Amino acid sequence: MTDDDLALIEKHLSDPYWRLTSGELYKIKTADGRGIIPFRPRPEQCELLRQLLDAVEQVRERARRIKAGEIDPESIAEAAPQDVELKARRLGFSTTIGVFLADCLGFRRDFTAQLIDQTADEAAKKMNGIVKVAFAALSEILPYVKLKDSDGELTVDAILDGEVQGSPSTFFAGTKGRGGSLDFLWCSELGVIQFDDPPRAEEIVTGAFPAARHGVKWVETTWKGGRGGKLYEIIEPSLKGTADDWRVKFSPWWRDPRNRSASAVIDDRTEVYFAKIADRLARDGVTIEEQQRRWYSAEWRTQGIFMKRENPTFLDECFEAPIEGAIYAECLAQAETE
């Protein structure tokens, strides 16, 4: 790194959005896992980073106001952010959140975050393959000491003028909640866990969620199981517009610029599908280009009846996909097309 590079970083170091989007500080593994590259987020990832930064700043401002006696700690009007992001697969949101939390470890003192994932292997992959990779890149520029470093915990502290600051920040990763108080709770694939393992979903909601009572709760997930499950119970009032305690957002497959094909054939059922939703797309101001339709057609042949689960076009499609073992699901899908 040149002196000019270091001068540029020092100039913008106090701006978290610049740190996360400039490509100058953080690095990530390539999609094939064969190398390390600068993290340069796509527009949809930049939008997510804005939302994450706003949520954490909202919590910090709320804590300041409580400490100053300006609001009651139990004030409903000042409740901490609770977000559920329903999404298609492979949008890069896990990478984005992981890099964001690496930034929090480096620049926020006494910050505690936790990931609860679908499996222990997935949690370890996000810890070692995203958070630690991003933090290692930051450590090449600024001095830190690792107080704990394992598959399930990364605790770090800054070094200033050769002295450890004594205000460490920690990121936990696993499949279950912990006690204590969290500044940020990241639940990955809770929309799948609620169907595959209902008791654990119940445990997450009743155990981990209270630990982030005054922090950010952020759920990013694909969906499984239709209109049912513990997470669906939580967000149903928001979906119906009768409550706003949980903010439900949606990221469809067509937001990913990589979901394109120049050569795949658009088959009959794909033509029928896009003709069926044409008016709805127009009302939403969405244009699906030919290369995107080609990709969708090829992907549908791979995913079959689970296409809407893996790659929904609209939010309500998340809840329409059949579950494994559904009787006549494939026949009904074919009948609908015909």
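This is a predicted model, so every value here is computed, not measured.
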Hey, does the side chain of [X] reach the backbone of [Y] with a donor-acceptor pair shorter than 3.5 angstrom?
X	Y	value
Asn259	Trp254	no
Asn128	Ala124	yes
Glu189	Thr222	yes
Arg247	Asp83	no
Thr175	Thr119	no
Gln303	Trp300	no
Thr221	Leu86	no
Gln292	Glu289	yes
Gln45	Gly92	yes
Ser150	Gly152	yes

_Between Arg62 and His214, is there a side-chain donor-acceptor contact under 3.5 Å, judged purely by atom types and distance?_
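Result is yes, a qualifying pair exists.
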*asked:* Can you confirm whether the side chains of Gln194 and Lys230 place a donor and an acceptor under 3.5 Å from each other?
replied: no
Sub-4.5 Å side-chain heavy-atom contact between [X] and [Y]:
X	Y	result
Phe171	Thr155	no
Trp253	Arg90	no
Val216	Leu52	no
Leu138	Tyr144	yes
Trp186	Gln114	no
Ser188	Leu115	yes
Thr96	Leu91	no
Arg40	Ser22	no

Drop me the distance from [X]'s [atom1] to [Y]'s [atom2], to the nearest 0.5 angstrom.
X	Y	atom1	atom2	value
Glu122	Ser94	CD	OG	8.5 Å
Cys104	Ile97	SG	CD1	11.0 Å
Glu220	Glu85	CD	CD	8.5 Å
Arg65	Asp72	CZ	CG	11.5 Å
Glu236	Thr242	CD	OG1	8.0 Å
Leu101	Ser169	CG	OG	11.0 Å

*asked:* With side-chain hydrogen bond (donor to acceptor under 3.5 Å, both in side chains) as the criterion, how do Glu44 and Ser251 come out once you've worked through the C-alpha distance, each side chain's angles and the decisive distance to 0.1 Å?
replied: CA-CA 9 Å; Glu44 64 274 13; Ser251 292; over 6 Å; no
*In plain terms, say whether Asp103 and Arg108 are close enough for a salt bridge, that is, a side-chain N and a carboxylate O under 4.0 Å apart.*
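Answer for the salt bridge query: no.
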_Assess whether a salt bridge exists between Glu320 and Arg309, defined as any Lys/Arg side-chain N lying under 4.0 Å from an Asp/Glu carboxylate O._
no
In chain order, what residues pass the side chain to side chain contact (heavy atoms under 4.5 Å, CB included) check against [X], with sequence neighbours excluded?
X	value
Ser238	Asp245, Trp246, Val248
Asp183	Phe111, Thr112
Ser261	Ser263, Ala264, Arg294, Trp295
Asp267	Arg269, Thr270, Ser297, Arg301

Can you name the nearest heavy-atom pair linking [X] to [Y], along with the distance?
X	Y	result
Ala80	Val59	CB-CG2, 4.3 Å
Asp151	Ala173	O-CB, 4.1 Å
Cys46	Thr21	SG-CG2, 4.0 Å
Ile193	Ala201	CG2-N, 4.0 Å

Enclosure of [X] [atom1] (heavy-atom neighbours >12, cutoff 6.0 Å):
X	atom1	answer
Lys249	NZ	yes
Arg280	CZ	yes
Lys27	NZ	no
Arg60	CZ	no

*Hydrophobic cluster mates of Phe172, side-chain heavy atoms under 4.5 angstrom, ILVMFWY only, any path?*
none
_Test question: given the 4.5 Å side-chain rule for I, L, V, M, F, W and Y, name all other residues clustered with Val145, or answer none._
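Traced through the cluster, Val145 reaches Leu147, Ile159, Val164.
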*Stepwise ring-ring contact (aromatic ring centres under 6.0 Å, His included) check, Phe274 with Tyr296*: CA-CA 10 Å; Phe274 281 110; Tyr296 190 93; 5.2 Å; yes
*How would you list, by chain and number, every residue that makes a ring pair (Phe, Tyr, Trp, His ring centres under 6.0 Å) with Phe184, sequence neighbours excluded?*
Phe100
_From CA spacing to verdict: salt bridge (Lys or Arg N to Asp or Glu O under 4.0 Å), Arg19, Glu24_ = CA-CA 7 Å; Arg19 294 195 304 260; Glu24 298 290 342; over 6 Å; no
_Centroid separation under 6.0 Å, is that true for the rings of Phe135 and Tyr26?_
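So the answer is no for these two rings.
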For [X], salt bridge (Lys or Arg N to Asp or Glu O under 4.0 Å) partners two or more places apart:
X	answer
Glu163	none
Lys29	none
Arg255	Glu47
Arg50	none

*Of all residues at least two apart in sequence or in a different chain, which pass the side-chain hydrogen bond (donor to acceptor under 3.5 Å, both in side chains) check with Trp218?*
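In terms of side-chain hydrogen bond (donor to acceptor under 3.5 Å, both in side chains), with neighbours along the sequence ignored, Trp218 is linked to no residue.
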_Asp117 and its salt bridge (charged side-chain N to carboxylate O under 4.0 Å, His left out) partner, picked from Arg200, Lys126, Lys176_ = Lys126
*Mutual orientation of the aromatic rings belonging to Trp223 and Phe319 [parallel < 30°, tilted 30-60°, perpendicular > 60°]*: perpendicular
*Say whether Ile130 and Ile36 are linked into one hydrophobic cluster, either directly or through other cluster members, by side-chain heavy-atom distances under 4.5 angstrom.*
no
